[in-house]
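Here is the structure we will look at, set down as structure tokens.
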Amino acid sequence: MTSPASGADGAADLPDYAPIPRSALGPPLNDQGYHVGRIERNLYWVTDGVYQSAFLTTPDGVVVFDAPPSIGNNIRRAIDEVTAASGAPSTVTHFVYSHHHADHNGAAFLFGRDVTRIGHEETRRLLLRDDDPARPVPEVTFADRYTLEVGGELAELAWHGPNHTPDNIYIHFPGHDTLMFIDVVNSGWVPIYNVNLSEDVMGYMGAPAIALSYPWTHFISGHVGRLSTRDDVAVHQQYIADIEASSREALASVDPVPFYVAGGENFWAGIKGHLDTVTERAAAPIIAKYTGVLAAADIEVFTRTTTFQIMQSLRLDRGPSGPVHP
Ligand SMILES: [Zn+2]
């Protein structure tokens, strides 16, 4: 249902989507627009309700993990607030990139020149490519694993292959019962367009199992206004598994031939008819099942575009893409 156009940008035309369950939202923000919370001991998370950052306070200085520009200088305010109360030093000495994306790290430049920046070697390569002064390249890089120890506190960084991006890493805090892993699970919410704007669909689909293979109670997902639980990751996993199963069923049951016959010499019209029909058939039961379970599941384009990507990955990565000509 839409109302008549009233704004030049169309923003007034938003349909009446289902209400967002209270459980999908986080704590209220302060007057400056952020919330800082203690996860365990000296590990904290900061959110603006949509993005997340984290920091460790130690006797030798503060370690910051990700700097979304939307939180920006509120990361500094959150650190000052926490260290003023605890008496720990407030100087940021180390900065860790989860991955190279600007929406999670476009405020990385805020922490000065003397900060030691750490990231995966692919993060460094991509940041050199992107050439964005807001995201200084990490000078400390690693290939598979890196143990960061500052002031007696540990963060275990690990790369387990490409997923959302080629460089997206797992950050485990063994002394804080916490895992930070960004842009795969939006706890309590559906992934946005195209498997959450991810590059490697197979890697994205396998990532939650890797996350769950670590011991942790608290999960920093990079998005939404609250921390996550193992149950949140399991619900996300089920959503993706349901899309995979539904896509397999739709690929097997929709006969492509009539679409290509109808398209005639316009082969692309045949492809559109076939793949759109498969996508629609695969996505419809998922949208119905998860509306009311995951927030924004009724914004159908998210599940539909994610289904399209997964269905393509089933054809192109796993195969077969189609019958072999006799
Ligand atoms: Zn990202």
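Throughout, residue positions are numbered sequentially from 1 according to the sequence presented.
Pairing each heavy atom of Val224 with each of Trp189, the nearest pair is CG1-CD1, 3.5 Å.
Judged by distance alone, with hydrogens and angles left aside, the side-chain atoms of Thr178 form a donor-acceptor pair with the main-chain N or O of His176 at under 3.5 Å. Proximity of a side-chain donor or acceptor of Gln309 to a complementary backbone N or O of Val195 within less than 3.5 Å is not detected. A distance-only check finds a donor-acceptor pair linking the side chain of Arg41 to the backbone of Gly175 [under 3.5 Å]. When atom types are taken as modelled, the side chain of Asn74 and the backbone of Gln32 share a donor-acceptor pair closer than 3.5 angstrom. Although no hydrogens or angles enter the test, the distance criterion places no donor-acceptor pair under 3.5 Å between the side chain of Asn42 and the main chain of Leu56. Although no hydrogens or angles enter the test, the distance criterion places a donor-acceptor pair under 3.5 Å between the side chain of Asn105 and the main chain of Ala67. Formation of a donor-acceptor pair under 3.5 Å by the Asp60 side chain with backbone atoms of Val150 is not found in this model. At least one donor-acceptor pair closer than 3.5 Å links the side chain of Thr47 to the backbone N or O of Gly49. Distance alone, capped at 3.5 Å, places no donor-acceptor pair between the Thr291 side chain and the Ala288 backbone. Within the 3.5 Å criterion, the main-chain N or O of Ser228 finds no donor-acceptor partner in the side chain of Asp232.
Aromatic ring centroids of Phe65 and Phe173 lie under 6.0 Å apart. Aromatic rings from His172 and Tyr214 are positioned such that their centres are separated by under 6.0 Å. Phe109 and Phe111 have their aromatic ring centers separated by at least 6.0 angstrom. In this structure, His99 has its ring center closer than 6.0 angstrom to the ring center of His104. Between His218 and Trp45, the ring center distance fails the sub-6.0 Å criterion. Between Tyr260 and Phe267, the ring center distance fails the sub-6.0 Å criterion.
Counting heavy atoms from C-beta outward, Ile243 and Met311 have side chains that stay 4.5 Å or more apart. Side-chain contact between Pro68 and Ser53 is present, with at least one heavy-atom pair separated by less than 4.5 Å. The side-chain heavy atoms of His223 and Tyr51, taken from C-beta on, include a pair separated by under 4.5 Å. Taking 4.5 Å as the limit, some side-chain heavy atom of His101 sits within range of a side-chain heavy atom of Thr165. With a 4.5 Å cut-off on side-chain heavy atoms, Val50 and Ser70 do not count as touching. Residues Leu110 and Ile75 fail the side-chain proximity criterion, which asks for heavy atoms closer than 4.5 Å. The shortest distance between side-chain heavy atoms of Asp242 and Ser246 does not fall below 4.5 Å. Using a 4.5 Å cut-off on side-chain heavy atoms (C-beta onward), Val46 and Tyr34 make contact.
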Between His274 and Asp255, is a side-chain contact (heavy atoms from CB on, under 4.5 Å) present by the stated rule, with each step listed?
CA-CA 8 Å; His274 174 216; Asp255 179 5; over 6 Å; no

Would you please test Arg76 and Ser90 for side-chain contact (heavy atoms from CB on, under 4.5 Å) and show each step?
CA-CA 9 Å; Arg76 178 75 263 167; Ser90 63; 3.7 Å; yes

Would you check, one step at a time, whether the test side-chain contact (heavy atoms from CB on, under 4.5 Å) holds for Tyr204 with Asp200?
CA-CA 6 Å; Tyr204 179 92; Asp200 188 309; over 6 Å; no

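Between Arg248 and Glu244 there is a salt bridge, with a side-chain nitrogen of the basic residue lying less than 4.0 Å from a carboxylate oxygen of the acidic one. Salt-bridge formation is not detected for the pair Glu139/Arg124: no Lys NZ or Arg NE/NH1/NH2 atom is positioned less than 4.0 Å from an Asp or Glu carboxylate oxygen. Salt bridge present: Asp132 and Arg135 bring a charged side-chain N and a carboxylate O closer than 4.0 Å. Taking the charged nitrogens against the carboxylate oxygens, Arg304 and Glu280 do have a contact shorter than 4.0 Å, which makes a salt bridge.
In this pair, His120 and Phe142 present their aromatic rings perpendicular. The plane angle is above 60°, beyond the 30 to 60° band.
Clustering of Ile, Leu, Val, Met, Phe, Trp and Tyr side chains at separations under 4.5 Å places Val261 together with Val257.
Figure legend: Arg145 and Trp159 shown without cation-pi pairing, the cationic atom not lying both under 6.0 angstrom from the six-membered ring centre and within 45 degrees of its axis.
Side chain to side chain, Tyr239 and Thr303 meet the donor-acceptor criterion of an N or O pair below 3.5 Å. Between the side chains of Asp167 and Tyr97, no donor-acceptor pair of N or O atoms lies under 3.5 Å. If you check the side chains of Ser253 and Arg281, you find a donor sitting under 3.5 Å from an acceptor.
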